[in-house]
Structure formats: C-alpha cells, structure tokens
Amino acid sequence: MFKKAMLLPLMLGLSACSQTVSTQFRSENYNSRIRFLVMHYTTGDWQDSLQALTKGEVSSHYLIPEQGDASYPKSHLAVYRLVDEQHRAWHAGVSHWQGRSNINDQSIGIELINRAACAHQPQVLTEIAPSASFFDNQTFCQYPNFDQQQIQLLIELSKDILARNPDIDPTAVVGHSDIQLGNKQDPGPHFPWYTLYQHGIGAWYEHATASDHWQALLTEGLPTVAQVQCNLQKYGYGIEITGEFDKQTFNTVKAFQLHFLPWQATGEITIKTVAVLFALMDKYRAGIRQQHCQNPTLVSDRG
C-alpha cells in the first residue's frame, strides 16, 4: 500500500510533465531524412526475389513484379511495400552519392523484377596503361527488357514518392550502379531513364547543349582524365581525382554511360560521353565545371 502511495504522485508528475510540451514555436531549420531514390533490378523471378527481400540479408522499400512470371501468383500487377518508408531498408550496400555515404540511411529503394544476369572473370592486371576494353572484358551481362506495365507502376510510385519527399532533387534519382561503382550493374542499360525524366522523375541533359559541347570537343579534343574525374565527382559519383585512367575511372564512366548513354556503355572516355557530362553539369551544377574542374587537385597532391 505504501509503495502504491509513493508511485501515484510520481505518475501524476510524469503525466503533468508530458502535458507541458508545447508546439507553439516551430523551427524552419530542418530537412527530410530521405534525400535519394534508388532504382534496382532483382535478377530473380518473383518468388526468389520476394524470398531474398523478406527473409534474406537484403531488403527494399518496394517491389514491383513483371508480367509473364510464372512464379507470380496474381493475374494483375501491383506495387508491394516491403519496408515502411520511415524505416531503413538494406538495399544500397557500401555506397556513395553527392558526397554522402551510407545511402541506406537516406534513401528509398525500389526493386523491379528483372532477370538480368552478369558473369565476372577477374583478370590479373598486366598492362601499364589498361584500356577500357581490358576492364570491360572482365564482365559479361545480359539484360532483358523491362515490362511496360511494370514501368508504368514505377512511374506512378516514383511521382508519389517525390511529391512527398521534396528534398529528392532530379540528380538524386539514381541507379544502384551509380552509387556502388563496379559492384553493381542495375538497373542496367534497358532501364528507361529518359521516359522517367519525361514524367518529371530524375535528371536528363538538353540535347542541344550536349550537341554544342560535342561540336566543340571535336575541335578541341578530349579534356584530361583529371578534368573528367572532377566533373563526374562534382555531379555526384564517388570517384577520386587521380589523373589516371584506372579501374575506378572505368567503373564510374561505365556507370555514367549506363544511365545516360546506355547504347555506348563501354567505360571508355569518349567525346560523346564528355559532351553529355558537360551538358548535365551546365544544367544541374551551373558554374561548378568552370570553377572547380579546369585545374583539379589530384588526390596525390593533397597535403
């Protein structure tokens, strides 16, 4: 009885304390946890993908099936939420974008059923100055087309996510291959980035601007590797400025091409690739190229 008598005032005090919390004043200084929207493909059918994303060691916020999958049990496609958006899904791995790491902490991940497959054959580095074809020969992939009804569901879902998360800017709608360089190929060269852009989702370049840069580069020639690395880094990619065409540069260029020049995803620094990169920088990173990437500092020169 004595203990109950002692606890009652304490409980009343806690209750009174909670009632004194006021929301009269609100700060304007905050932003959303969600900064990125990441697109993936699963490589498996519905049943295998659902098992992996719900019972395995990875997850995503959303999963969208495709037509013609015998393991999918329904007659119509639907969007499936596997993890609530306020929770952290395990879809991005060791990742980097726009100077941020641990993209899982700051993103929403969408998986599309698509049975793409890649084989990897590590090779011993024997060339003093390895070429893009040398690196490219280490991976062999096949990429099935995406189902159009599936893409329509993706567009509707993405527009809804972006409307509710205004801190996701166009350059923050990315593929897994953009944020985990070299390790991931998804969503692959058949993913319709331009179609999404036409629906207000993600970034794309102005063709006229890219054409102007292409014409200029035909006369001036390619910029240095360091300048290309700098522009890729300032756009968002997790690349170091070494001044050398190394494996990380190949991986980054190929990821960029998978996103913006999927018909030319060789990993080689070409005039068309640089023209598109410069056009994107002009559109979304105005002035950065001229200010920071004319004479970039190499990572080896940092003191």
Side-chain angles (χ1 to χ4, degrees), residues 1-40 53-54 57-64 78-112 152-176 178-180 193 196-204 233-238 280-288 291-292:
M1 185 67 181
F2 176 73
K3 289 183 177 180
K4 289 183 178 179
M6 292 291 291
L7 285 172
L8 184 58
L10 177 60
M11 294 173 65
L12 290 173
L14 289 173
S15 176
C17 179
S18 66
Q19 292 174 5
T20 63
V21 176
S22 171
T23 58
Q24 178 182 359
F25 306 104
R26 305 292 288 177
S27 176
E28 297 179 355
N29 306 318
Y30 68 95
N31 54 25
S32 170
R33 179 189 71 82
I34 304 300
R35 308 301 295 267
F36 308 108
L37 179 59
V38 185
M39 307 297 184
H40 305 258
L53 292 168
T54 59
E57 297 181 351
V58 295
S59 60
S60 67
H61 294 93
Y62 296 96
L63 176 62
I64 306 179
V79 174
Y80 293 82
R81 181 187 293 124
L82 306 182
V83 177
D84 288 340
E85 288 183 12
Q86 68 268 29
H87 295 151
R88 180 180 182 271
W90 304 343
H91 64 97
V94 179
S95 47
H96 182 104
W97 189 252
Q98 294 179 351
R100 297 171 181 262
S101 55
N102 300 318
I103 303 302
N104 277 336
D105 296 343
Q106 308 156 74
S107 64
I108 293 172
I110 303 175
E111 291 272 5
L112 302 178
Q152 186 56 47
L153 289 174
L154 173 65
I155 289 170
E156 294 169 5
L157 172 63
S158 299
K159 290 173 72 173
D160 178 61
I161 290 171
L162 294 177
R164 292 183 284 101
N165 296 275
D167 286 341
I168 303 177
D169 68 39
T171 64
V173 180
V174 292
H176 200 181
D178 291 313
I179 64 174
Q180 201 172 353
W193 287 111
L196 266 64
Y197 169 76
Q198 290 177 307
H199 287 84
I201 304 162
W204 201 257
Q233 184 187 86
K234 296 301 182 184
Y235 186 76
Y237 289 93
L280 286 163
M281 291 293 288
D282 290 349
K283 185 173 182 178
Y284 297 106
R285 304 282 187 267
I288 297 296
Q291 184 177 356
H292 295 282

Novice: Rounded at 0.5 Å granularity, tell me how far CE in Met281 sits from NZ in Lys234.
Specialist: 8.0 Å

Novice: Apply side chain to side chain donor-acceptor pair (under 3.5 Å) to Asn102 and list each qualifying residue two or more places apart in sequence or on a separate chain.
Specialist: none

Novice: Ignoring hydrogens, what is the shortest heavy-atom contact between Ile110 and Ser158? Give both atom names and the distance.
Specialist: CD1-OG, 4.0 Å

Novice: Give a yes or no on whether the backbone of Gln86 and the side-chain of His61 come within a donor-acceptor separation of less than 3.5 Å.
Specialist: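 Judged by distance alone, no pair lies under 3.5 Å.
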
Novice: Checking Asn165 against Leu37 for the side-chain contact (heavy atoms from CB on, under 4.5 Å) test, could you report, in this order, the C-alpha distance in whole Å, the side-chain angles of both residues, the deciding distance, and whether it holds?
Specialist: CA-CA 10 Å; Asn165 296 275; Leu37 179 59; over 6 Å; no

Novice: Work out which heavy atom in His96 is nearest to a heavy atom in Tyr237; give both atom names and the distance.
Specialist: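 Closest pair (atom of His96, atom of Tyr237, distance): CD2-C, 4.2 Å.
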
Novice: I'd like to check the ring-ring contact (aromatic ring centres under 6.0 Å, His included) partners of Tyr284; sequence neighbours left out, ordered by chain and number.
Specialist: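 Partners of Tyr284 under the ring-ring contact (aromatic ring centres under 6.0 Å, His included) test: none.
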
Novice: Atom CG of Asp105 and atom CD1 of Ile34: how far apart are they, to the nearest 0.5 Å?
Specialist: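 With rounding to 0.5 Å, CG (Asp105) is 9.5 Å from CD1 (Ile34).
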
Novice: Please round to the nearest 0.5 Å and tell me the distance separating atom CZ of Arg285 and atom NE2 of His292.
Specialist: 11.5 Å

Novice: List the atom of Ala172, the atom of Trp97, and the distance in Å for their closest heavy-atom pair.
Specialist: CA-NE1, 4.1 Å

Novice: Do the non-hydrogen side-chain atoms of Leu162 and Val173 ever get within less than 4.5 Å of each other?
Specialist: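 Contact flag for Leu162/Val173 side chains = yes.
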
Novice: If you look at every heavy atom in Gly175 and Val38, which pair is closest and at what distance?
Specialist: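 In this case the closest contact between Gly175 and Val38 is C-CG1, 4.1 Å.
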
Novice: Please find the pair of heavy atoms, one from Ser107 and one from Arg33, that lie closest to each other, and give the distance.
Specialist: N-NH1, 4.2 Å

Novice: Any side-chain heavy atom of Ser95 within less than 4.5 Å of one from Asn104?
Specialist: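 No, their side chains stay 4.5 Å or more apart.
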
Novice: Could you check whether atom CD of Glu57 has more than 12 heavy atoms from other residues, nucleotides or ligands sitting under 6.0 Å from it?
Specialist: no

Novice: When rounded to the nearest 0.5 angstrom, what is the spacing between CD1 in Ile108 and CD in Glu85?
Specialist: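 Output value for this atom pair is 3.5 Å.
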
Novice: What distance do Gln106 atom CD and Ser101 atom OG have between them, rounded to the nearest 0.5 Å?
Specialist: 7.5 Å

Novice: side-chain contact (heavy atoms from CB on, under 4.5 Å) for Leu154 and Met39? Distances and angles first, verdict last.
Specialist: CA-CA 10 Å; Leu154 173 65; Met39 307 297 184; 3.9 Å; yes

Novice: Going by the rule side chain to side chain donor-acceptor pair (under 3.5 Å), which residues pair with Lys283 if we only count those two or more places apart in sequence or in a different chain?
Specialist: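 Partners of Lys283 by the side chain to side chain donor-acceptor pair (under 3.5 Å) criterion, ordered by chain and then number, come out as Tyr197, Glu206.
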
Novice: How long is the span from the CG atom in Asp178 to the CH2 atom in Trp193, to the nearest 0.5 Å?
Specialist: 6.0 Å

Novice: How close do Arg81 and Tyr62 get, counting heavy atoms only, and between which atoms?
Specialist: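 So the two residues come closest at NE-OH, 3.4 Å.
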
